[in-house]
There are 2 protein chains.
Amino acid sequence: MALNASRKPMLDGKECDTSGWNMDNCPVRDVIDRIAGKWSTLLLGALARQPYRFGELRRLVPDISQRMLTQTLRDLQRDGYIEREVFPTKPPSVEYRMTDLGRSLFEPLSKVLQWAEANHPSVKAARVKYDESELA
Amino acid sequence: MALNASRKPMLDGKECDTSGWNMDNCPVRDVIDRIAGKWSTLLLGALARQPYRFGELRRLVPDISQRMLTQTLRDLQRDGYIEREVFPTKPPSVEYRMTDLGRSLFEPLSKVLQWAEANHPSVKAARVKYDESELA
DNA sequence: TAGTGCTAGTCTCTTTTTGAGACCAACAAT
DNA sequence: ATTGTTGGTCTCAAAAAGAGACTAGCACTA
């Protein structure tokens, strides 16, 4: 197959698809960069099921540091995906729960998660194949 | 609203949903952690449209360093989402194109991207609201 | 024929991000 | 009196990412 020499921009009518992504005026990056963090989807997945308290989330995701848990929760809250409520119990307890916006996001996001679970074997196979061809 | 005191695990039948996410035996994290990178979705979005060469991608995403472009492309290739083909032209040129697995992933992923574009105003509004309540 | 530019990277250095773990105050239970 | 629990913050070390110089071989130009 030859290298496509006549490479035109190919703006195929769909302006809202991936056609306007050249620079940083792109709103998609602004949103995606936040939910693309290492822990964001994980916490969103947990809170999509039910509300959790800080310590519960920490126990649920054992390999997250308190620092990143605090920070990620704050970022998710700032973007409006989760809510934070403080209860005046003896040691004050804090509950995190998903907002409507968060649930609306998690709908398409969960599809990606389901894809990941379903296609994990294919990805692992691709890695093995790549690594074998590399060490040659 | 009171703090939900009787907090049972609430394994509601759906085992494949977000119920098995407690530890690192989770295959979802293994897949998601790779496509959750800062540049992964961006490059996937570009290559979903058409194949591109290294320099073209660099020009398309001006604020990525060559280092991260190389590395991200390699990671995406290793997981089987994209292919790399070298053409023996005078200065050798390299073309990157999406695989069937990559296209299969991009189907649900593009839904999240569409969500991001559609709900960008809501997210920006949530940020403003949060920042205002913080500086108080 | 010397100079310049193009290709797709790599190498090194600096800056940013993340992780590990100590520390906090108040109150409950032992 | 000590220990544990709450939801964090703070500091320091390690890892990751960004910036920019550098490479080789060939084409084009002056």
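Every chain is numbered from 1 and lettered A, B, ... according to where its sequence line falls, protein lines coming before strand lines. Fair warning: this is a prediction, and the values are worked out from it, not measured in the lab.
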Kindly indicate whether the side chain of Met98(B), heavy atoms from C-beta on, has any atom under 4.5 Å from the side chain of Phe106(B). yes
Taking any heavy-atom pair under 4.0 Å as a contact, classify Arg58(B): base, sugar-phosphate, or nothing. nothing
Going by the rule salt bridge (Lys or Arg N to Asp or Glu O under 4.0 Å), which residues pair with [X] if we only count those two or more places apart in sequence or in a different chain?
X	answer
Asp75(A)	none
Glu83(B)	Arg97(B)
Arg127(B)	Asp30(A), Asp79(A)

Evaluate the side chain to side chain contact (heavy atoms under 4.5 Å, CB included) criterion for residues Leu42(A) and Ile32(B): first the C-alpha distance (whole Å), next the side-chain angles of each, then the deciding distance (0.1 Å), finally the verdict. CA-CA 9 Å; Leu42(A) 207 52; Ile32(B) 292 296; over 6 Å; no
Among residues 68-78 of chain A, which residues get a heavy atom nearer than 4.0 Å to DNA chain C? Met68(A), Gln71(A)
Contact boundaries of DNA chain C with chain A (under 4.0 Å, heavy atoms), 5' to 3'? dT18(C) to dA20(C)
Could you tell me the separation between the [atom1] atom of [X] and the [atom2] atom of [N], rounded to a whole number of Å?
X	N	atom1	atom2	result
Lys90(A)	dG4(D)	NZ	P	19 Å
Arg84(A)	dG7(D)	CZ	P	10 Å
Arg67(B)	dA21(D)	CZ	C1'	15 Å
Gln66(B)	dG20(D)	CD	C1'	10 Å

Tell me whether the OP1 or OP2 atom of dG18(D) has a side-chain N or O from Lys38(B) closer than 4.0 Å.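 So the side chain of Lys38(B) is within the cut-off, an N or O lying under 4.0 Å from OP1 or OP2 of dG18(D).
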Can you list the residues that meet the side-chain contact (heavy atoms from CB on, under 4.5 Å) rule with [X], with sequence neighbours excluded?
X	result
Thr72(B)	Trp39(B), Ser40(B), Leu43(B), Met68(B), Leu76(B)
Lys111(A)	Gln114(A), Pro108(B)
Arg84(A)	Gln77(A), Val86(A), Val94(A), Tyr96(A)
Arg67(A)	Ser65(A), Gln71(A)

How large an angle, rounded to 10°, do the end axes of the helix from dA8(C)-dT23(D) to dT30(C)-dA1(D) enclose when each is built from five base pairs? 30°
Using the closest heavy atom to pick a nucleotide of DNA chain C for each, name whichever of Phe54(B) or Pro91(A) lands nearer the 5' end.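 Nearest-nucleotide comparison on DNA chain C picks Phe54(B).
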Restricting to side-chain hydrogen bond (donor to acceptor under 3.5 Å, both in side chains), what partner residues turn up for Ser104(A), sequence neighbours left out?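 Counting only residues at least two positions away or on another chain, Ser104(A) forms a side-chain hydrogen bond (donor to acceptor under 3.5 Å, both in side chains) with Trp115(B).
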Could you see if Ile82(B) belongs to whatever hydrophobic cluster contains Leu60(B)? Use Ile, Leu, Val, Met, Phe, Trp, Tyr and a side-chain cutoff under 4.5 Å.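 In one cluster with Ile82(B): Leu60(B), yes.
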